[in-house]
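Shown next, in C-alpha coordinates, is the structure this report addresses.
Numbered from 1 within each chain, the chains take letters A, B, ... in sequence-line order.
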There are 2 protein chains.
Amino acid sequence: MKRSPKLTKQKIVEAAVELFDSQGFDGTTVRQIACKAGVNVALIAYYFKNKKGLLEYVMVEYYEALFRKLDGCRHDTEWESLYDLLRHMLESLVRFQSEFYQVTRLIHRELSVESMLGREIMSTYLAKLKHYFAAVIEEGVEEGEFPPLQVEGVVIQLMAITSFPYTYPQIIREVFYLEPLDEQFVEQMVHYTYDFLHHMMTPLNTFR
Amino acid sequence: MKRSPKLTKQKIVEAAVELFDSQGFDGTTVRQIACKAGVNVALIAYYFKNKKGLLEYVMVEYYEALFRKLDGCRHDTEWESLYDLLRHMLESLVRFQSEFYQVTRLIHRELSVESMLGREIMSTYLAKLKHYFAAVIEEGVEEGEFPPLQVEGVVIQLMAITSFPYTYPQIIREVFYLEPLDEQFVEQMVHYTYDFLHHMMTPLNTFR
DNA sequence: GTCTATATAGAGATAGAC
DNA sequence: GTCTATCTCTATATAGAC
(Lines give C-alpha, C1' and ligand atoms only; values in the text may rest on other atoms or scores of the structure.)
Protein backbone atom coordinates (compact mmCIF):
# COMPACT_ATOMS: atom_id res chain seq x y z
CA MET A 1 0.00 0.00 0.00
CA LYS A 2 1.44 3.37 -1.04
CA ARG A 3 1.18 6.37 1.18
CA SER A 4 2.05 10.01 0.70
CA PRO A 5 5.78 10.08 1.46
CA LYS A 6 5.52 13.40 3.21
CA LEU A 7 2.94 12.02 5.57
CA THR A 8 4.93 8.93 6.43
CA LYS A 9 8.07 10.87 7.16
CA GLN A 10 6.14 13.29 9.34
CA LYS A 11 4.42 10.49 11.22
CA ILE A 12 7.77 8.95 12.01
CA VAL A 13 9.13 12.25 13.26
CA GLU A 14 6.12 12.85 15.48
CA ALA A 15 6.25 9.39 16.99
CA ALA A 16 9.99 9.66 17.55
CA VAL A 17 9.66 13.02 19.27
CA GLU A 18 7.09 11.68 21.69
CA LEU A 19 9.06 8.57 22.51
CA PHE A 20 12.50 10.20 22.68
CA ASP A 21 10.97 12.81 24.94
CA SER A 22 9.31 10.45 27.38
CA GLN A 23 11.79 7.56 27.36
CA GLY A 24 15.03 9.05 26.14
CA PHE A 25 16.92 8.23 22.96
CA ASP A 26 18.60 5.07 24.22
CA GLY A 27 15.43 4.02 25.97
CA THR A 28 13.47 4.06 22.75
CA THR A 29 13.58 1.34 20.08
CA VAL A 30 13.04 1.83 16.39
CA ARG A 31 10.27 -0.75 16.60
CA GLN A 32 8.39 1.37 19.13
CA ILE A 33 8.69 4.36 16.86
CA ALA A 34 7.47 2.47 13.82
CA CYS A 35 4.61 0.98 15.80
CA LYS A 36 3.49 4.34 17.21
CA ALA A 37 3.75 5.96 13.79
CA GLY A 38 1.84 3.08 12.23
CA VAL A 39 4.52 2.46 9.63
CA ASN A 40 6.99 -0.28 8.87
CA VAL A 41 10.30 -0.41 10.75
CA ALA A 42 12.39 -0.42 7.61
CA LEU A 43 11.07 3.00 6.64
CA ILE A 44 13.08 4.62 9.39
CA ALA A 45 16.26 3.53 7.69
CA TYR A 46 14.80 4.56 4.34
CA TYR A 47 14.08 8.14 5.42
CA PHE A 48 16.69 8.81 8.06
CA LYS A 49 19.45 6.27 7.46
CA ASN A 50 19.26 5.07 11.07
CA LYS A 51 17.96 5.89 14.53
CA LYS A 52 20.64 8.48 15.16
CA GLY A 53 19.89 10.17 11.87
CA LEU A 54 16.31 10.56 13.00
CA LEU A 55 17.42 12.26 16.20
CA GLU A 56 19.69 14.56 14.27
CA TYR A 57 16.89 15.50 11.91
CA VAL A 58 14.65 16.44 14.83
CA MET A 59 17.34 18.54 16.49
CA VAL A 60 18.32 20.42 13.37
CA GLU A 61 14.70 21.13 12.44
CA TYR A 62 14.10 22.54 15.93
CA TYR A 63 17.03 24.92 15.95
CA GLU A 64 16.46 26.10 12.40
CA ALA A 65 12.90 27.02 13.35
CA LEU A 66 14.08 28.73 16.54
CA PHE A 67 16.54 30.93 14.71
CA ARG A 68 13.97 31.81 12.09
CA LYS A 69 11.79 33.02 14.92
CA LEU A 70 14.58 34.96 16.62
CA ASP A 71 15.58 36.54 13.34
CA GLY A 72 11.97 37.63 13.04
CA CYS A 73 12.33 39.56 16.31
CA ARG A 74 15.21 41.53 14.94
CA HIS A 75 13.75 42.30 11.55
CA ASP A 76 9.98 41.85 11.37
CA THR A 77 8.84 43.50 14.57
CA GLU A 78 9.31 47.07 15.77
CA TRP A 79 11.40 47.75 18.82
CA GLU A 80 12.47 51.12 20.12
CA SER A 81 15.38 50.11 22.28
CA LEU A 82 17.78 47.24 22.65
CA TYR A 83 16.14 46.53 25.97
CA ASP A 84 12.87 46.19 24.15
CA LEU A 85 14.42 43.91 21.53
CA LEU A 86 15.97 41.75 24.21
CA ARG A 87 12.58 41.31 25.83
CA HIS A 88 11.04 40.37 22.50
CA MET A 89 13.73 37.78 21.94
CA LEU A 90 13.41 36.31 25.41
CA GLU A 91 9.66 36.05 25.12
CA SER A 92 10.08 34.36 21.76
CA LEU A 93 12.55 31.91 23.24
CA VAL A 94 10.29 31.04 26.14
CA ARG A 95 7.25 30.63 23.92
CA PHE A 96 9.14 28.56 21.41
CA GLN A 97 10.41 26.23 24.10
CA SER A 98 6.93 25.93 25.48
CA GLU A 99 5.38 25.26 22.08
CA PHE A 100 7.88 22.55 21.22
CA TYR A 101 8.31 21.36 24.76
CA GLN A 102 8.93 17.75 23.82
CA VAL A 103 11.82 18.53 21.51
CA THR A 104 13.14 21.09 23.97
CA ARG A 105 13.36 18.50 26.69
CA LEU A 106 14.77 15.73 24.57
CA ILE A 107 17.46 17.94 23.10
CA HIS A 108 18.59 19.25 26.47
CA ARG A 109 18.69 15.73 27.83
CA GLU A 110 20.73 14.38 24.94
CA LEU A 111 23.03 17.40 25.15
CA SER A 112 23.90 16.26 28.64
CA VAL A 113 25.44 13.00 27.48
CA GLU A 114 28.90 12.98 25.98
CA SER A 115 28.53 12.39 22.27
CA MET A 116 29.73 13.64 18.94
CA LEU A 117 26.24 14.78 18.01
CA GLY A 118 25.86 16.73 21.23
CA ARG A 119 29.17 18.44 20.73
CA GLU A 120 28.21 19.40 17.19
CA ILE A 121 24.85 20.80 18.25
CA MET A 122 26.52 22.83 20.96
CA SER A 123 29.29 24.21 18.83
CA THR A 124 26.86 25.32 16.15
CA TYR A 125 23.43 26.04 17.53
CA LEU A 126 24.04 26.77 21.19
CA ALA A 127 27.02 28.93 20.37
CA LYS A 128 24.80 30.80 17.93
CA LEU A 129 22.04 31.17 20.49
CA LYS A 130 24.49 32.55 23.00
CA HIS A 131 25.78 34.97 20.40
CA TYR A 132 22.31 36.22 19.52
CA PHE A 133 21.73 37.36 23.06
CA ALA A 134 25.27 38.35 23.92
CA ALA A 135 25.46 40.58 20.84
CA VAL A 136 22.40 42.59 21.80
CA ILE A 137 23.57 42.99 25.37
CA GLU A 138 27.06 44.01 24.31
CA GLU A 139 25.63 46.53 21.89
CA GLY A 140 23.50 47.97 24.67
CA VAL A 141 26.49 48.26 26.96
CA GLU A 142 28.63 49.92 24.31
CA GLU A 143 25.95 52.41 23.39
CA GLY A 144 25.39 53.23 27.02
CA GLU A 145 21.80 52.05 27.04
CA PHE A 146 22.75 49.33 29.55
CA PRO A 147 25.06 49.65 32.52
CA PRO A 148 28.35 47.76 32.34
CA LEU A 149 27.40 44.09 32.60
CA GLN A 150 29.24 40.84 32.77
CA VAL A 151 27.63 39.69 29.53
CA GLU A 152 28.48 35.99 29.68
CA GLY A 153 27.17 35.66 33.20
CA VAL A 154 23.90 37.33 32.27
CA VAL A 155 23.45 35.04 29.28
CA ILE A 156 24.16 31.92 31.35
CA GLN A 157 21.55 32.92 33.86
CA LEU A 158 19.02 33.82 31.20
CA MET A 159 19.50 30.43 29.58
CA ALA A 160 19.14 28.75 32.95
CA ILE A 161 15.93 30.53 33.89
CA THR A 162 14.25 30.24 30.51
CA SER A 163 15.04 26.59 29.98
CA PHE A 164 14.48 25.08 33.41
CA PRO A 165 10.69 24.64 33.30
CA TYR A 166 10.84 23.05 29.87
CA THR A 167 13.65 20.67 30.57
CA TYR A 168 12.14 19.62 33.90
CA PRO A 169 8.39 20.01 33.40
CA GLN A 170 7.69 17.18 35.84
CA ILE A 171 9.47 19.12 38.59
CA ILE A 172 7.16 22.04 37.91
CA ARG A 173 4.19 19.69 37.97
CA GLU A 174 4.98 17.32 40.79
CA VAL A 175 6.95 19.57 43.11
CA PHE A 176 5.34 22.95 42.50
CA TYR A 177 1.93 21.79 41.31
CA LEU A 178 1.98 24.12 38.33
CA GLU A 179 1.36 23.32 34.68
CA PRO A 180 4.33 24.50 32.59
CA LEU A 181 2.34 24.45 29.36
CA ASP A 182 -0.50 26.66 30.58
CA GLU A 183 -0.55 30.10 29.02
CA GLN A 184 -0.75 31.44 32.55
CA PHE A 185 2.52 29.80 33.50
CA VAL A 186 4.21 30.89 30.29
CA GLU A 187 3.26 34.46 31.08
CA GLN A 188 4.71 34.06 34.56
CA MET A 189 7.93 32.76 33.02
CA VAL A 190 8.10 35.70 30.65
CA HIS A 191 7.61 38.03 33.59
CA TYR A 192 10.36 36.34 35.54
CA THR A 193 12.79 36.87 32.72
CA TYR A 194 11.65 40.48 32.32
CA ASP A 195 12.16 41.07 36.03
CA PHE A 196 15.52 39.41 35.93
CA LEU A 197 16.54 41.56 33.01
CA HIS A 198 15.27 44.67 34.69
CA HIS A 199 17.25 43.86 37.81
CA MET A 200 20.36 43.27 35.75
CA MET A 201 19.92 46.72 34.25
CA THR A 202 19.61 48.25 37.69
CA PRO A 203 22.94 48.71 39.45
CA LEU A 204 23.24 46.99 42.81
CA ASN A 205 23.28 49.05 45.96
CA THR A 206 26.05 48.17 48.36
CA PHE A 207 24.56 45.46 50.48
CA ARG A 208 26.61 42.32 50.20
CA MET B 1 40.07 -14.48 45.21
CA LYS B 2 38.31 -12.69 48.05
CA ARG B 3 38.29 -8.94 48.29
CA SER B 4 37.15 -6.57 50.97
CA PRO B 5 33.40 -6.34 50.28
CA LYS B 6 33.32 -2.64 51.09
CA LEU B 7 35.96 -1.96 48.51
CA THR B 8 34.25 -3.94 45.79
CA LYS B 9 30.93 -2.26 46.36
CA GLN B 10 32.54 1.15 46.33
CA LYS B 11 34.48 0.39 43.16
CA ILE B 12 31.25 -0.58 41.43
CA VAL B 13 29.56 2.62 42.56
CA GLU B 14 32.41 4.79 41.37
CA ALA B 15 32.55 3.11 37.98
CA ALA B 16 28.79 3.34 37.60
CA VAL B 17 28.75 7.04 38.45
CA GLU B 18 31.35 7.82 35.84
CA LEU B 19 29.64 5.80 33.14
CA PHE B 20 26.07 6.82 33.94
CA ASP B 21 27.27 10.40 33.93
CA SER B 22 29.05 10.34 30.62
CA GLN B 23 26.86 7.90 28.68
CA GLY B 24 23.53 7.95 30.44
CA PHE B 25 21.84 5.11 32.30
CA ASP B 26 20.42 3.35 29.24
CA GLY B 27 23.61 3.98 27.33
CA THR B 28 25.69 2.12 29.89
CA THR B 29 25.92 -1.65 30.19
CA VAL B 30 26.56 -3.60 33.34
CA ARG B 31 29.54 -5.17 31.62
CA GLN B 32 31.13 -1.76 31.11
CA ILE B 33 30.61 -0.99 34.77
CA ALA B 34 32.09 -4.29 35.91
CA CYS B 35 35.02 -3.88 33.54
CA LYS B 36 35.77 -0.32 34.66
CA ALA B 37 35.47 -1.34 38.30
CA GLY B 38 37.68 -4.34 37.70
CA VAL B 39 35.16 -6.74 39.18
CA ASN B 40 32.97 -9.53 37.89
CA VAL B 41 29.63 -8.69 36.28
CA ALA B 42 27.63 -10.91 38.58
CA LEU B 43 28.68 -8.85 41.57
CA ILE B 44 26.44 -6.02 40.47
CA ALA B 45 23.42 -8.22 40.94
CA TYR B 46 24.88 -9.47 44.20
CA TYR B 47 25.25 -6.02 45.72
CA PHE B 48 22.50 -4.02 44.04
CA LYS B 49 20.00 -6.59 42.77
CA ASN B 50 20.21 -5.15 39.26
CA LYS B 51 21.29 -2.17 37.21
CA LYS B 52 18.36 -0.06 38.30
CA GLY B 53 19.08 -0.85 41.93
CA LEU B 54 22.56 0.52 41.43
CA LEU B 55 21.19 3.77 40.05
CA GLU B 56 18.77 4.07 42.92
CA TYR B 57 21.56 3.51 45.42
CA VAL B 58 23.59 6.32 43.87
CA MET B 59 20.68 8.73 43.87
CA VAL B 60 19.62 8.06 47.43
CA GLU B 61 23.18 8.33 48.72
CA TYR B 62 23.53 11.72 46.99
CA TYR B 63 20.39 13.26 48.39
CA GLU B 64 20.95 11.93 51.88
CA ALA B 65 24.36 13.57 51.87
CA LEU B 66 22.93 16.81 50.49
CA PHE B 67 20.33 17.09 53.21
CA ARG B 68 22.88 16.30 55.87
CA LYS B 69 24.86 19.26 54.56
CA LEU B 70 21.84 21.57 54.40
CA ASP B 71 20.81 20.57 57.91
CA GLY B 72 24.29 21.54 58.96
CA CYS B 73 23.64 25.08 57.69
CA ARG B 74 20.63 25.42 59.90
CA HIS B 75 22.14 23.97 63.05
CA ASP B 76 25.92 23.86 63.03
CA THR B 77 26.81 27.29 61.71
CA GLU B 78 25.94 30.73 63.04
CA TRP B 79 23.69 33.01 61.06
CA GLU B 80 22.30 36.34 62.20
CA SER B 81 19.42 36.65 59.79
CA LEU B 82 17.28 34.47 57.57
CA TYR B 83 18.86 36.21 54.63
CA ASP B 84 22.22 35.09 55.92
CA LEU B 85 20.97 31.53 56.42
CA LEU B 86 19.55 31.48 52.92
CA ARG B 87 22.91 32.51 51.53
CA HIS B 88 24.65 29.80 53.51
CA MET B 89 22.24 27.21 52.18
CA LEU B 90 22.58 28.35 48.60
CA GLU B 91 26.34 28.32 48.78
CA SER B 92 26.20 24.82 50.25
CA LEU B 93 23.92 23.69 47.46
CA VAL B 94 26.16 25.10 44.76
CA ARG B 95 29.29 23.65 46.30
CA PHE B 96 27.69 20.28 46.84
CA GLN B 97 26.56 20.12 43.22
CA SER B 98 30.01 21.12 42.10
CA GLU B 99 31.72 18.56 44.33
CA PHE B 100 29.52 15.70 43.17
CA TYR B 101 29.11 17.03 39.66
CA GLN B 102 28.85 13.63 38.04
CA VAL B 103 25.99 12.46 40.20
CA THR B 104 24.34 15.86 39.92
CA ARG B 105 24.28 15.63 36.17
CA LEU B 106 23.22 12.02 35.95
CA ILE B 107 20.38 12.51 38.42
CA HIS B 108 19.02 15.55 36.64
CA ARG B 109 19.20 13.74 33.34
CA GLU B 110 17.40 10.68 34.60
CA LEU B 111 14.82 12.88 36.31
CA SER B 112 13.94 14.19 32.88
CA VAL B 113 12.77 10.81 31.62
CA GLU B 114 9.37 9.51 32.63
CA SER B 115 9.93 6.70 35.11
CA MET B 116 8.72 5.40 38.41
CA LEU B 117 12.11 5.99 39.97
CA GLY B 118 12.20 9.59 38.79
CA ARG B 119 8.75 10.26 40.16
CA GLU B 120 9.75 8.80 43.52
CA ILE B 121 12.91 10.86 43.72
CA MET B 122 10.97 14.01 42.89
CA SER B 123 8.15 13.41 45.33
CA THR B 124 10.56 12.75 48.15
CA TYR B 125 13.87 14.52 47.69
CA LEU B 126 13.05 17.37 45.34
CA ALA B 127 9.90 18.21 47.24
CA LYS B 128 12.01 18.25 50.38
CA LEU B 129 14.63 20.45 48.75
CA LYS B 130 11.99 22.90 47.65
CA HIS B 131 10.57 22.93 51.15
CA TYR B 132 13.93 23.64 52.75
CA PHE B 133 14.28 26.85 50.78
CA ALA B 134 10.63 27.83 50.66
CA ALA B 135 10.34 27.50 54.42
CA VAL B 136 13.15 29.95 55.09
CA ILE B 137 11.81 32.44 52.59
CA GLU B 138 8.28 32.20 53.93
CA GLU B 139 9.55 32.69 57.45
CA GLY B 140 11.45 35.77 56.32
CA VAL B 141 8.36 37.21 54.66
CA GLU B 142 6.16 36.53 57.67
CA GLU B 143 8.60 38.09 60.07
CA GLY B 144 8.97 41.12 57.87
CA GLU B 145 12.66 40.57 57.19
CA PHE B 146 11.90 40.02 53.49
CA PRO B 147 9.46 41.95 51.33
CA PRO B 148 6.37 40.07 50.16
CA LEU B 149 7.65 37.55 47.61
CA GLN B 150 6.13 35.00 45.33
CA VAL B 151 7.97 32.21 47.11
CA GLU B 152 7.46 29.41 44.60
CA GLY B 153 8.67 31.56 41.75
CA VAL B 154 11.80 32.53 43.63
CA VAL B 155 12.57 28.92 44.46
CA ILE B 156 12.09 27.81 40.86
CA GLN B 157 14.51 30.45 39.67
CA LEU B 158 17.03 29.65 42.37
CA MET B 159 16.92 25.98 41.41
CA ALA B 160 17.33 26.90 37.77
CA ILE B 161 20.31 29.17 38.30
CA THR B 162 22.14 26.94 40.76
CA SER B 163 21.70 23.73 38.79
CA PHE B 164 22.29 24.83 35.21
CA PRO B 165 26.11 24.80 35.15
CA TYR B 166 26.25 21.38 36.75
CA THR B 167 23.64 19.74 34.59
CA TYR B 168 25.13 21.23 31.43
CA PRO B 169 28.84 21.57 32.18
CA GLN B 170 29.71 21.04 28.53
CA ILE B 171 27.66 24.11 27.59
CA ILE B 172 29.70 26.12 30.08
CA ARG B 173 32.88 24.64 28.63
CA GLU B 174 32.24 24.58 24.93
CA VAL B 175 29.99 27.61 24.52
CA PHE B 176 31.28 29.94 27.22
CA TYR B 177 34.81 28.61 27.50
CA LEU B 178 34.65 28.47 31.28
CA GLU B 179 35.47 25.57 33.57
CA PRO B 180 32.48 24.85 35.84
CA LEU B 181 34.57 22.91 38.34
CA ASP B 182 37.14 25.63 38.93
CA GLU B 183 36.91 27.25 42.34
CA GLN B 184 36.87 30.56 40.50
CA PHE B 185 33.73 29.62 38.59
CA VAL B 186 32.06 28.23 41.69
CA GLU B 187 32.64 31.54 43.42
CA GLN B 188 31.12 33.34 40.45
CA MET B 189 28.09 31.06 40.68
CA VAL B 190 27.72 31.76 44.38
CA HIS B 191 27.89 35.47 43.65
CA TYR B 192 25.25 35.17 40.96
CA THR B 193 22.88 33.54 43.38
CA TYR B 194 23.68 36.12 46.05
CA ASP B 195 23.00 38.91 43.58
CA PHE B 196 19.80 37.27 42.47
CA LEU B 197 18.68 36.92 46.07
CA HIS B 198 19.61 40.49 46.81
CA HIS B 199 17.61 41.69 43.83
CA MET B 200 14.65 39.63 44.91
CA MET B 201 14.80 41.30 48.30
CA THR B 202 14.85 44.73 46.67
CA PRO B 203 11.40 45.88 45.54
CA LEU B 204 11.11 46.68 41.85
CA ASN B 205 10.75 50.24 40.72
CA THR B 206 7.99 50.83 38.20
CA PHE B 207 9.64 50.30 34.88
CA ARG B 208 7.92 47.52 33.01
C1' DG C 1 32.00 -13.13 48.21
C1' DT C 2 33.42 -14.33 43.70
C1' DC C 3 33.40 -16.76 39.54
C1' DT C 4 31.96 -19.14 34.74
C1' DA C 5 28.60 -20.27 31.75
C1' DT C 6 24.43 -19.67 29.84
C1' DA C 7 19.42 -18.65 29.32
C1' DT C 8 16.50 -15.49 27.20
C1' DA C 9 15.31 -11.80 25.05
C1' DG C 10 15.63 -7.76 22.37
C1' DA C 11 18.31 -4.51 19.96
C1' DG C 12 19.56 -2.09 15.08
C1' DA C 13 20.13 -2.74 10.48
C1' DT C 14 19.61 -4.67 5.72
C1' DA C 15 18.62 -7.62 1.54
C1' DG C 16 15.56 -8.19 -1.64
C1' DA C 17 10.55 -9.05 -3.06
C1' DC C 18 6.64 -6.30 -4.36
C1' DG D 1 7.85 3.82 -1.22
C1' DT D 2 6.72 -0.10 1.34
C1' DC D 3 7.06 -4.64 3.04
C1' DT D 4 8.76 -9.40 5.11
C1' DA D 5 12.23 -12.00 6.82
C1' DT D 6 16.32 -12.45 8.84
C1' DC D 7 21.20 -11.63 10.19
C1' DT D 8 24.09 -10.35 13.74
C1' DC D 9 25.05 -8.60 17.82
C1' DT D 10 24.53 -7.35 22.50
C1' DA D 11 21.83 -6.70 26.45
C1' DT D 12 20.43 -8.22 31.45
C1' DA D 13 19.98 -11.58 34.66
C1' DT D 14 20.67 -16.01 36.95
C1' DA D 15 22.04 -20.80 38.21
C1' DG D 16 25.27 -23.08 40.33
C1' DA D 17 30.43 -24.27 41.03
C1' DC D 18 34.13 -22.72 43.95
Side-chain angles (χ1 to χ4, degrees), chain A residues 1-61 106 109-110 113-118 120, chain B residues 1-59 61 106 109-110 113-118:
Chain A
M1 204 215 294
K2 314 236 173 193
R3 223 180 289 258
S4 159
K6 178 82 199 216
L7 241 174
T8 298
K9 195 172 177 183
Q10 205 47 40
K11 287 217 115 196
I12 293 172
V13 169
E14 282 161 22
V17 164
E18 267 191 46
L19 290 165
F20 287 165
D21 170 50
S22 60
Q23 307 178 339
F25 178 74
D26 287 320
T28 300
T29 73
V30 290
R31 290 189 147 75
Q32 286 178 308
I33 298 169
C35 179
K36 178 152 220 156
V39 305
N40 190 279
V41 213
L43 292 173
I44 290 171
Y46 178 75
Y47 283 110
F48 303 98
K49 172 126 179 111
N50 52 33
K51 191 177 143 188
K52 206 182 127 193
L54 175 49
L55 174 64
E56 196 168 348
Y57 178 90
V58 169
M59 290 181 162
V60 169
E61 222 190 13
L106 84 86
R109 183 195 300 127
E110 298 312 324
V113 307
E114 312 280 356
S115 71
M116 272 301 297
L117 182 53
E120 280 165 24
Chain B
M1 204 218 293
K2 316 236 172 193
R3 221 180 292 257
S4 160
K6 180 80 200 223
L7 242 174
T8 299
K9 195 172 177 183
Q10 205 47 38
K11 287 217 117 197
I12 292 172
V13 168
E14 280 162 22
V17 164
E18 266 191 47
L19 291 166
F20 287 164
D21 171 49
S22 60
Q23 307 179 337
F25 178 75
D26 287 321
T28 300
T29 73
V30 289
R31 288 190 148 71
Q32 285 178 309
I33 297 170
C35 178
K36 178 152 221 156
V39 305
N40 188 279
V41 214
L43 291 174
I44 290 170
Y46 177 75
Y47 283 110
F48 304 98
K49 172 131 180 106
N50 53 33
K51 192 177 142 187
K52 206 182 126 194
L54 176 50
L55 174 64
E56 196 167 348
Y57 179 90
V58 169
M59 289 180 163
E61 222 190 12
L106 84 86
R109 183 195 301 127
E110 298 313 324
V113 306
E114 313 279 355
S115 70
M116 270 300 298
L117 182 54

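Atom CD1 of B/Ile44 and atom P of C/dC3 are 12 Å apart (whole Å). For the pair B/Tyr47 OH and D/dT14 P, the computed distance is 18 Å after rounding to whole Å. In this entry the distance linking CG of A/Asn50 with C1' of C/dA11 reads 14 Å, nearest Å. The distance between atom NZ of B/Lys9 and atom C1' of C/dT2, rounded to the nearest whole Å, is 16 Å. Rounded to an integer number of Å, the gap from CG of A/Leu43 to C1' of C/dA17 is 15 Å. Straight-line distance from the CG atom of A/Leu54 to the P atom of C/dA13: 11 Å, rounded to whole Å. Following rounding to the nearest Å, A/Phe48 (CZ) and C/dA13 (P) show an atom-to-atom distance of 13 Å. One interatomic measurement links the two molecules: OH of A/Tyr46 to P of C/dC18, which rounds to 19 Å at whole-angstrom precision.
Side-chain N or O atoms of B/Arg109 include one that pairs as donor or acceptor with a backbone N or O of B/Phe20 at under 3.5 Å. Judged purely by atom type and a 3.5 angstrom limit, B/Lys51 uses its side chain to pair as donor or acceptor with the backbone of B/Phe25.
Comparing A/Ala42 and A/Gln32 by the nucleotide of DNA chain C that holds the closest heavy atom to each, the one mapping nearer the 5' end is A/Gln32. Of the two residues near DNA chain C, A/Val41 and A/Thr29, the one whose nearest nucleotide lies more 5' is A/Thr29.
With distances taken from any side-chain atom of B/Asn40 to the nucleotides D/dT2, C/dC3, D/dT4, the minimum falls on C/dC3. Listed nucleotides: D/dT2, C/dG12, C/dT2. Nearest to the side chain of A/Val30: C/dG12. Comparing C/dT14, D/dT2, C/dT2 by their nearest atom to the side chain of A/Ala45 picks out C/dT14. If you check C/dG12, D/dA11, C/dC3 against the side chain of A/Arg31, the one that comes closest is C/dG12.
The one candidate from A/Val13, A/Leu43, A/Asn40 that meets the side chain to side chain contact (heavy atoms under 4.5 Å, CB included) condition with A/Thr8 is A/Leu43.
OP1 or OP2 of C/dT2 lies within a sub-4.0 Å distance of a side-chain N or O belonging to B/Thr8.
The shortest side-chain heavy-atom distance between B/Phe48 and B/Lys9 falls under the 4.5 Å cut-off. With a 4.5 Å cut-off on side-chain heavy atoms, B/Leu19 and B/Lys36 count as touching.
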